[in-house]
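As structure tokens, the structure follows; a few thoughts come after it.
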Amino acid sequence: MSLHGLTEEQQLMWERDGFLVIDNFLSEDEVNFYNDRIDEAFVDFETNNRVNPATGQLNHVKQICGIIEYGEPFLQLLEHQRMMNIMRDLIGNSFVMIDNDALLKPPGKVSHTNWHRDTSTKLFVGEKQVPWMIKVFYFLSDVPYDGGCLAFLPGSTHMKDADLPKVEKQEDLPGHVRMNVKKGTAVIFNGYTYHSALNNLSDVTRRSLIYNYAQSALRTWPGYEPSERIKSEATSNMRKMLLGVTPWMVDAKAFEDVDGVAAGKMMMG
């Protein structure tokens, strides 16, 4: 099989575990840049008394639903060339954005969720299982072991719901792995993977940008619909299709004009 953004080893790990960890996906300069942009976005959000849609409200975290509305850099990350090629390997040649967030998890906060799947059914193309949706976390801070880690049950994409363990305390789930990762890491997971956020018992705020991609038959979650402004300003085929401005090209031509958002070419400064 021809791969566009993954190694064969990464592809096998994805199929086995249901998630991937890519170290140093963002450079230190990019991490610093996006941390500054997030801080500016939260000042705007709080100063202007903006609110998130009800579907996006989470307890024990600070969140901006629809972070792409807060500046061109967040849109560039949405269509990052390297990630788009990875998505092509994992979900196929046609996919859309269904939500996007900036998320801060302050110190001493309990988890805002327990173990769950984001999708309740499997999708098959022929005999091959493919994701309904894939979520990408870009971590903009180091995440300590007790720092409210995103956590997964490896191999749970192959498990029936009845076989999934249930616990009252997130950290008690047997066999889970924690994403106590370094800043700049990208963590990608199948929406059918059993996952949770753990309790932040550290003195560190977990900082992340989150982008959720799905099969092109799906539509943006309510409350996350892109504004007419950013749709009208979209110029690349990739951005137009991710935002639902135009339908997907069946011959993958969307991938021909994303060179301008490759790693190292994002708008900084």
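- Hydrophobic clustering keeps W14 apart from M159 (ILVMFWY residues linked when any side-chain heavy atoms are closer than 4.5 Å, directly or through intermediates).
- Considering all non-hydrogen atoms of both residues, Y224 and N100 come closest at CE2-O, 3.3 Å.
- K182 and D23 are not joined by a salt bridge, as no carboxylate oxygen comes within less than 4.0 angstrom of a charged side-chain nitrogen.
- Side-chain contact between I68 and M97: present, with at least one pair of heavy atoms (C-beta onward) separated by less than 4.5 Å.
- Atom OG of S208 and atom CG of L104 lie 7.5 Å apart (nearest 0.5 Å).
- Here the side chains of I64 and I38 are not in contact, with every heavy-atom distance at 4.5 Å or above.
- Placement of V245 and L242 within a single hydrophobic cluster is found when ILVMFWY residues are connected by side-chain heavy-atom separations under 4.5 Å, directly or transitively.
- Here OG of S202 is found 5.0 Å from CG of D146. Values are rounded to the nearest 0.5 Å.
- Using a 4.5 Å heavy-atom threshold, the side chains of Q10 and I86 count as separate.
- In terms of heavy atoms, Y194 sits closest to P165 at OH-O, 3.0 Å.
- Side-chain contact check for Y138 versus E30: every heavy-atom pair is 4.5 Å or farther apart.
- Going from atom CG of N190 over to atom CD1 of I188 covers 11.5 Å, rounded to the nearest 0.5 Å.
- A heavy-atom distance below 4.5 Å is found between the side chains of S156 and T193.
- Counting only heavy atoms from C-beta outward, the side chains of E46 and K62 approach each other to under 4.5 Å.
- Of the possible polar contacts, one joining the W115 side chain to the Q170 backbone as a donor-acceptor pair under 3.5 Å is found.
- Hydrophobic cluster membership differs between L103 and L201, with clusters built from Ile, Leu, Val, Met, Phe, Trp and Tyr side chains linked at under 4.5 angstrom.
- One side chain, H116 or D118, offers a donor N or O that lies under 3.5 Å from an acceptor on the other.
- Sequence neighbours left out, the pairs with a member in residues 206-233 that pass salt bridge (charged side-chain N to carboxylate O under 4.0 Å, His left out) are D39-R207, E69-R229, E228-K231, R229-E233.
- Heavy atoms only, all atoms of each residue included: L77 and Y34 are closest at CB-OH, 3.7 Å.
- Between L153 and P174 the shortest heavy-atom distance is CD1-O, 3.5 Å.
- Under the 4.5 Å side-chain criterion, counting only non-hydrogen atoms from C-beta, V143 is not in contact with T185.
- Judged purely by atom type and a 3.5 angstrom limit, K169 has no side-chain atom pairing as donor or acceptor with the backbone of V167.
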Practice prompt. Check the pair M179 / F137 against side chain to side chain contact (heavy atoms under 4.5 Å, CB included), numbers first and verdict last.
Written response: CA-CA 10 Å; M179 299 297 101; F137 275 66; over 6 Å; no

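- Remark: K160 NZ is loosely packed, at most 12 non-hydrogen atoms of other residues, nucleotides or ligands lying under 6.0 Å away.
- Closest approach of N52 and C65 over heavy atoms only: OD1-N, 2.9 Å.
- Here the straight-line distance linking atom CG of L198 with atom SG of C149 works out to 6.0 Å at 0.5 Å rounding.
- In the model, D89 has no side-chain atom that pairs as donor or acceptor with a side-chain atom of Q11 under 3.5 Å.
- With hydrophobic clusters built from ILVMFWY side chains whose heavy atoms lie under 4.5 angstrom apart, Y70 shares a cluster with F42.
- Between the side chain of T157 and the backbone N or O of Y192, no donor-acceptor pair lies under 3.5 Å.
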Item to complete: Please lay out, stage by stage, how I134 and F95 fare under the test side chain to side chain contact (heavy atoms under 4.5 Å, CB included).
Response: CA-CA 10 Å; I134 293 176; F95 48 91; over 6 Å; no

Item to complete: Take F189 and F152, measure what ring pair (Phe, Tyr, Trp, His ring centres under 6.0 Å) needs, and give me the verdict at the end.
Response: CA-CA 9 Å; F189 68 95; F152 303 113; 5.0 Å; yes

Item to complete: Show the numbers, then the answer: is there a side chain to side chain contact (heavy atoms under 4.5 Å, CB included) between F25 and M83?
Response: CA-CA 9 Å; F25 191 95; M83 188 57 69; 3.7 Å; yes

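- The closest donor-acceptor contact from the side chain of H4 to the backbone of M84 lies at 3.5 Å or more, if one exists at all.
- At least one test fails for R37 against the ring of F74: distance under 6.0 Å to the centre or angle within 45° of the axis.
- Taken together through direct or relayed side-chain contacts under 4.5 Å among Ile, Leu, Val, Met, Phe, Trp and Tyr, L3 and L12 form parts of separate hydrophobic clusters.
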Discussion item. Could you go through K105 and Q63, starting from their C-alpha distance and side-chain angles, then the distance that decides it, and tell me whether this counts as side chain to side chain contact (heavy atoms under 4.5 Å, CB included)?
Written reply: CA-CA 9 Å; K105 189 168 187 178; Q63 177 188 23; over 6 Å; no

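- In this structure, H195 has its ring center at least 6.0 angstrom away from the ring center of F19.
- A distance-only check finds a donor-acceptor pair linking the side chain of N35 to the backbone of L140 [under 3.5 Å].
- Within the 4.5 Å cutoff, the side chain of E171 has heavy atoms near those of the R178 side chain.
- Residues N199 and S111 come closest through the heavy atom pair OD1-N, 2.7 Å.
- Not one N or O on the side chain of D44 forms a donor-acceptor pair closer than 3.5 Å with the backbone of N48.
- Listed by chain and residue number, I98, S216, W248 satisfy the side chain to side chain contact (heavy atoms under 4.5 Å, CB included) test with V96 (two or more places apart in sequence, or in another chain).
- Note that CD1 of I22 and CG of L6 are 6.5 Å apart. Values are rounded to the nearest 0.5 Å.
- For R16, the side chain to side chain contact (heavy atoms under 4.5 Å, CB included) partners at least two apart in sequence or on another chain are M13.
- Atom-to-atom distance recorded for S94:OG and R88:CZ is 11.0 Å, nearest 0.5 angstrom.
- In this structure, Y213 and Y211 have parallel ring planes: the angle between them is below the 30° cut-off, well short of the 60° mark.
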